[in-house]
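Below: the structure, in structure tokens.
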Amino acid sequence: MQKIVILTGAGISAESGLGTFRAEGGLWAQHRIEDVATPEGFSRDPKLVVDFYNARRAQEAEAAPNAGHIALAELEEAFSGEVVVITQNVDDLHEKAGSKKVMHMHGALKSALCAACDHRWPAPLAMAPGDTCPSCQAPAARPDIVWFGEMPYDMDEIFDHLAGADVFASIGTSGNVYPAAGFVAEARRSGAHTVEFNLEPSLVGSQFDDIRIGPASQTLPLWVSELLKG
Ligand code: BV8
């Protein structure tokens, strides 16, 4: 076993106090996806969208990684082979836990993007509609987040990692959103052993060889100690 590829979703950050999307009272219960997570919504009402991500950035600043994030960072540190974390999450809790190889396929709250010249820079805690780009001076700043209908980041590199995976683990994701929900099928195609971590089987749960039910802060430290015991 030389390569472990890990996909994470909102469930791994739930125990750090960051609401998931589909849970009772979750993010999508309070906001319509169309309004806050689509390019159309942004052009329709940029203030609503910028305020939505300012609120999440403020939450992120208060949040700390939990034992689930920490277990993955320890695995990366101790494992003789390669560990890659592909996250759908826009929070920085994997990095705060010490993970080095983290790919934010849906963007990051910590980053701002110029819609005119594609320049990226560290996002201020509170962005404002029409903020100017420090590179081209256009008033075209937006949260560096992949919205619905937009192409996720680093897809070619992600498919390369999936093609080379010996183990594919999916943690705290409901399997509703594509292309992420299709990764297990990709990993299976390249012969990887696949394992899901969730409170309940996800929409693609039947595609996994193994499933570990329970809070990630409890199931992940157990799994990592098993792997490292080898
Ligand atoms: C694209 C950033 C072209 C914003 C996000 C195929 C079929 C159907 C539809 C499509 C399709 N292909 C494309 C689509 C359209 C669309 C899509 O999937 N729509 C869905 C709604 C049907 N996809 C897109 O538009 C994507 N772009 O396809 O471009 C393309 C085509 C081909 C190849 C490449 C590109 C872009 C999607 C990205 C949108 N942006 N996030 C933001 O964060 O505000 S998506 C956002 O929602 C998250 O990033 C995440 O991806 C998703 C939320 O899902 P989860 O993270 O899984 O969270 P959820 O709340 O649903 O579930 C939490 C889970 O955790 C639960 O299962 C729960 O039981 C579990 N849990 C809770 N607590 C714990 C726990 N588990 C363990 N421990 C706990 N303590």
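Order of appearance sets the numbers: ligands from 1, and atoms from 1 within every ligand.
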Show which atoms of ligand 1 fall inside a sub-4.0 Å distance from at least one heavy-atom site of [X].
{"X": "Gly172", "value": "63 (C), 64 (C), 65 (O), 76 (N)"}
{"X": "Asn176", "value": "20 (C), 22 (C)"}
{"X": "Phe21", "value": "43 (O), 46 (C), 48 (C), 53 (C), 58 (O), 60 (O)"}
{"X": "Ile145", "value": "2 (C), 4 (C)"}
{"X": "Ala14", "value": "73 (N)"}
{"X": "Tyr53", "value": "4 (C), 42 (C), 44 (O)"}
{"X": "Gly9", "value": "56 (O)"}

Could you pull out every donor-acceptor pair under 3.5 Å between side chains of residues 169-182 and any protein atom, sequence neighbours left out?
residue: Thr173; atom: OG1; partner: Gln88; partner atom: NE2; Å: 3.0
residue: Ser174; atom: OG; partner: Asn176; partner atom: ND2; Å: 2.9

Is any side-chain heavy atom of Asp45 less than 4.5 Å from a side-chain heavy atom of Asp35?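 Counting from C-beta outward, Asp45 and Asp35 never come under 4.5 Å.
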Validation row: Asp131, Val50 side chains within 4.5 angstrom (heavy atoms): no
What protein heavy atom sits nearest [atom], and how far away is it?
{"atom": "atom 54 (O) of ligand 1", "value": "Arg22 NH1, 3.7 Å"}
{"atom": "atom 68 (C) of ligand 1", "value": "Asn198 OD1, 3.4 Å"}
{"atom": "atom 21 (C) of ligand 1", "value": "Phe148 CE2, 3.9 Å"}
{"atom": "atom 71 (N) of ligand 1", "value": "Gly11 CA, 3.6 Å"}
{"atom": "atom 23 (N) of ligand 1", "value": "Tyr178 O, 3.0 Å"}
{"atom": "atom 56 (O) of ligand 1", "value": "Ala10 N, 2.9 Å"}
{"atom": "atom 61 (O) of ligand 1", "value": "Ser174 OG, 2.6 Å"}
{"atom": "atom 77 (C) of ligand 1", "value": "Ala216 N, 3.7 Å"}

Identify, with sequence neighbours excluded, every residue that meets ring pair (Phe, Tyr, Trp, His ring centres under 6.0 Å) alongside His104.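 His104: no ring pair (Phe, Tyr, Trp, His ring centres under 6.0 Å) contacts found.
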Does ligand 1 come near enough to Thr173 that some N or O of the ligand is less than 3.5 Å from an N or O of the residue? yes
[X] to [Y] - nearest heavy-atom pair and separation:
{"X": "His69", "Y": "Ser16", "value": "CE1-OG, 3.7 Å"}
{"X": "Glu76", "Y": "Gly98", "value": "OE1-O, 4.5 Å"}
{"X": "Pro65", "Y": "Ile70", "value": "O-CD1, 4.3 Å"}
{"X": "Met151", "Y": "Val146", "value": "O-CG1, 3.8 Å"}

Quick one: which of [options] has a heavy atom closest to [atom]?
{"atom": "atom 38 (C) of ligand 1", "options": "His106, Met105, Gln88", "answer": "His106"}
{"atom": "atom 2 (C) of ligand 1", "options": "Val146, Val177, Leu203", "answer": "Val146"}
{"atom": "atom 27 (N) of ligand 1", "options": "Met151, Glu15, Glu150", "answer": "Glu150"}

Specify whether the nearest protein heavy atom to [atom] is under 4.0 angstrom away.
{"atom": "atom 9 (C) of ligand 1", "value": "no"}
{"atom": "atom 34 (C) of ligand 1", "value": "yes"}
{"atom": "atom 15 (C) of ligand 1", "value": "no"}
{"atom": "atom 48 (C) of ligand 1", "value": "yes"}

SB check Arg189 Glu186 (cutoff 4.0 Å):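 Here Arg189 pairs with Glu186 in a salt bridge, since their nearest N and O are under 4.0 Å apart.
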Using heavy atoms and a 4.0 Å limit, tell me yes or no: is Ala37 in contact with ligand 1? no
Under 4.0 angstrom from ligand 1, any heavy atom of Gly149?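 It does; at least one heavy atom falls under 4.0 Å.
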Using the rule given for salt bridge (charged side-chain N to carboxylate O under 4.0 Å, His left out), can you reason through Glu157 versus Lys101, listing the C-alpha separation, both sets of side-chain angles and the distance that settles it, and then say yes or no? CA-CA 12 Å; Glu157 191 184 342; Lys101 185 82 182 123; 3.1 Å; yes
Short question: side chain of Arg188, backbone of Gln207 - any donor-acceptor pair under 3.5 Å? yes
May I ask you to decide if Ser202's main-chain N or O and Glu196's side chain share a donor-acceptor pair within less than 3.5 Å? yes
At under 4.0 Å between heavy atoms, is it the side chain or the backbone of [X] that contacts ligand 1, or both, or neither?
{"X": "Pro152", "result": "side chain"}
{"X": "Arg56", "result": "side chain"}
{"X": "Leu199", "result": "both"}

Quick check on Glu77: does its CD atom have over 12 non-hydrogen neighbours (other residues, nucleotides or ligands) under 6.0 Å away? no
Classify the ring geometry between Trp147 and Phe42 as parallel (under 30°), tilted (30 to 60°) or perpendicular (over 60°). tilted
In terms of side-chain heavy atoms, does Ser217 have a donor or acceptor partner in Asn66 at a distance below 3.5 Å?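 No, no side-chain donor-acceptor pair sits under 3.5 Å.
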Sole residue of Ile211, Asp210, Val184 in side-chain contact (heavy atoms from CB on, under 4.5 Å) with Thr194: Val184
